[in-house]
Structures are given as structure tokens and as C-alpha cells.
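Here the structure comes first, spelled out in C-alpha cells, and everything after it is commentary.
As the structure lists them, so they are numbered: ligands from 1, and atoms in each ligand from 1.
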Amino acid sequence: MGGFHAHPVYMFNKKTVRDIDAQGKRVLVRVDFNVPLAEGQVSDDTRIRAAIPTIEHLRAQRATVILCSHLGRPKGEVRPEFSLHPVSQSLAALLNTSIGFAEDCIGPIAEAASSAAQPGEILLLENTRFHPGEQDNDPEMARQLATLADIFVNDAFGTAHRAHASTEGVAHLLPAVAGLLMEKEIRYLGEAVAAPEHPFIAILGGAKISGKINVIHNLLDKADKVLVGGGMANTFIKAQGHYVGESLVEDNSLETARQLLEKDAARLSLPTDIVIADDFTAEAKSQIIPVGDVPEGWRIMDIGPQTVAAYTEELQGAGTVVWNGPMGVFEFPAFAEGTNQLAQAIAESGAITIVGGGESVAAIRQAGLAEQITHISTGGGAALEMLEGKTLPGLAALLDK
Ligand code: ADP
Ligand code: MG
């Protein structure tokens, strides 16, 4: 298992909470508390837990910790079902302390609550997206947020690819540094990809090629091998000239797939056998066949055992492994084998292992392997943009070291 002893070269060049003196200061911390709710309660607190190291660090310095986040898509309106109130209860239980709550993130309510909060105390502000200025990156909203604090900390990696008032705008108005989660995410997703331990193996799957073209390009540039599965593989398989029946295929990406096959064939691995179904349902009939043998009316749902074995072999002795996108329709148990077995192989590879992407992370957790992965990203879209080699606006706005 790749542990913390196996860190890649450390080149994170932004100031963090460790570089500032927050003693007695008011610190506005943008966290990513965009968590799922069920019946008015937090149903998965992963992102809340991920923010705790930064909160504890600031609390230990006796800073006044003022937390803000968005939750869901209230589209600039006050929508009670998107209130962060359940999050404050969850956070209070996790930290075993009381958490103040302000019913608004800017204006008189937020100002009164933040000036009343004492050093060592924690205040959570209501959903930033209750104001249209958040997503518009409105300078006036950023200014109002900035009046609440002396220092700004961005720990919301999951929203760092968005230039919003509470992620980017406010960072220009206060001394602004990265939180510990942000630092960790960038180190793994950025530096591990830029300066990986070789052999560097990337595993790409998921539904579609189109949203991940730039990820494929960037990883083909950096990785020693790119192993492809999932719906994305179907378009490559069709581009190889095979019949794919009813499979999910993106015909407008066929030309790109052909070019990649021509240019990078040696580094691009594709399935040689597949699991097919006669319908897109959990109960569908299934068969394992070589690629190219899809009967009319059938569709590709997973990679086959021969492909799993070949990909597993590629993982032996790997230095760094990055995984994004399930190998098949893992939501249906009959088509989850490829994803589960590859997840197992990744966990056992001994490499520095990094998993990003909403469904990929769900698959790793479902397989019970999360503890054996070096870094599981808390950000879906932001993780993909890192894998594309892009700069995230929420990160770029922070102070350089
Ligand atoms: P991530 O969230 O990890 O980035 P994506 O959102 O790109 O991954 O894709 C995940 C989805 O891809 C899953 O819901 C899965 O069912 C689907 N998928 C994987 N393989 C196939 C396939 N062969 N046909 C159709 N859908 C697939
Ligand atoms: Mg997804």
C-alpha cells in the first residue's frame, strides 16, 4: 500500500494556514460542505470530515473560525431545503463542541454573528448560493464577505475550479492562503501527475469520452500507460472497426478516438474481451465475449476477465496509479466485476494510488477499499480539471509562497 512515506516530490507553491499567524484573528474559511442530505440530515459526512484538519489547526491557534460554503443549487434564492443548518449539527457532533450559526453569509446578520464570535469559537454561515452574487463572482458580495474577517483560507477543493465570490473574489481582498485539504488535493492530483513515480499508470473509464478528452490527452502525455475501460472504451472499440451493437457510443468522438489510436497505440490499452447484455437493466442476460463479437441488439456493459488480468499485470510494480471512471456499469452487480477487481488490484498495487471522480470514489467505497488508497479526492469536477493539467481559479488567487 502506498503510504505517506511514499510522497512524490513536493512542489506546492501556495501559502497555507501553516505559513500564517492566525492567533486571535478572524479567519474566513471557504470549505466544501456541499454534502448530500436525506430527511434533513447529512447522509454522507466525508467532506465535513475532510475539512476538520484545517478547522482544528486554526482553533489550536485561537483564531475565530468563520466557515462558509455552498450546498446544492439554490440558484441565488433562499431555499430552506438547501440550508447548511444540518451541517452545523453534524460538525458540532464531529468536533464535540458547539458551533455558532448565522442565517445569512453576508449583511447585518453575518456581521453581527462574526463580531460576536470569540477566539477559539467556530461560526458557520448560511449557504453562499442563497445570493446570486456568489456564482456571478459579484465584487460587492466578495467585499461583504471580506468585511467579516482578517484572513481568508480556501479549503474548498471541490469548488476550486469555479471562480465564485466566496472562492475567488474574496481571495483578492484579504491575505489569502490554502487550507490543508486544498494543499493535500493539489499535491496528489497536481504534483503526482506532473512529477510521478514511474511507471505511472492511468486508468480511465466512466460513461463518455467527450467530457474527458483533455484528461486523456494530458495523461497520455504524462503516463507510461493509459488503461481504458467503461463506456469510454466503446467509442475506441468502434473506432478500431468493431461492431458495438446498442452500446453507449459517441459518434462525434470517433475521429478523435481514431487519432489517439494512431498516435498513441503503444501507450493506450483497450479491452480485448467484454461483458455484454441484451438490455440496460440489472436483470439483463449477460455473456463474456471477445471484442468484435457483439451480436445485434446487445451492448457492452463491462470489461471482461482477460482484460482485467492484463490490466492487473500492468499495475504490478507501478509507481503511481491514477484512476478516474468505472470500468463498467458497476451500479448493476452483474456488471460490477471489472470495476471491483480493478479496484482491488489498484489497492494492492503498492503504488501511490489516487482516485478521483464522483462514481469512481463511490465504487472504491462500495468495494470497501477506501482505506487502502493513498488519496481519494473530495472533488469530482475539480479533480478532473487537475487531471487535465488546468489551473484552478480558487487556487490561483491565493498567495504564492
Ligand atoms: P466519474 O464520476 O468517476 O468521473 P463518470 O461520471 O465519467 O465517472 O462515469 C460513471 C458512469 O459511467 C457510471 O454511472 C457507469 O454506470 C457508467 N458506465 C461505465 N461503463 C459503462 C458502459 N459500458 N456503458 C454505459 N455506461 C457505463
Ligand atoms: Mg460522474
Filter the ligand 1-protein atom pairs down to N or O on both sides and distance under 3.5 Å, then list them.
residue, atom, partner, partner atom, Å
ligand 1, 2 (O), Gly358, N, 3.2
ligand 1, 2 (O), Glu359, N, 2.8
ligand 1, 2 (O), Glu359, OE1, 2.6
ligand 1, 3 (O), Glu359, N, 3.4
ligand 1, 3 (O), Ser360, N, 2.8
ligand 1, 3 (O), Ser360, OG, 2.4
ligand 1, 4 (O), Lys212, NZ, 3.1
ligand 1, 4 (O), Asn324, ND2, 3.1
ligand 1, 6 (O), Glu359, OE1, 3.0
ligand 1, 7 (O), Ala207, N, 3.4
ligand 1, 7 (O), Lys212, NZ, 2.7
ligand 1, 9 (O), Ala207, N, 3.0
ligand 1, 12 (O), Ala207, N, 3.0
ligand 1, 14 (O), Glu331, OE2, 2.5
ligand 1, 16 (O), Glu331, OE1, 2.7
ligand 1, 16 (O), Glu331, OE2, 3.4
ligand 1, 20 (N), Gly231, N, 3.1
ligand 1, 23 (N), Ile300, O, 3.1

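- Ring to ring, Phe82 and Phe130 are not that close: their centroids are 6.0 angstrom or more apart.
- Screening residues 213-255 for ring-ring contact (aromatic ring centres under 6.0 Å, His included), with sequence neighbours left out, gives no hits.
- Protein N/O/S atoms nearer than 2.8 Å to the Mg ion (ligand 2) total 1.
- Looking at Arg162, Arg73, Arg30 one by one, the single match for salt bridge (charged side-chain N to carboxylate O under 4.0 Å, His left out) with Glu134 turns out to be Arg30.
- Other residues, nucleotides and ligands place more than 12 heavy atoms under 6.0 Å from the CD atom of Gln240.
- For Lys75 and Glu77, the salt-bridge test fails: no basic side-chain N is under 4.0 Å from an acidic carboxylate O.
- Val322 pairs in a side-chain contact (heavy atoms from CB on, under 4.5 Å) with only one of the listed residues (Val193, Ile203, Val226), which is Val193.
- Among residues at least two apart or in separate chains, salt bridge (charged side-chain N to carboxylate O under 4.0 Å, His left out) pairs with a member in residues 234-244 are Lys238-Asp251.
- Using the six-membered ring where Trp is involved, Tyr188 and His375 have ring planes that are parallel, under 30° apart on the 30 and 60° scheme.
- The number of heavy atoms from other shown groups lying within 6.0 Å of CD (Glu255) is above 12.
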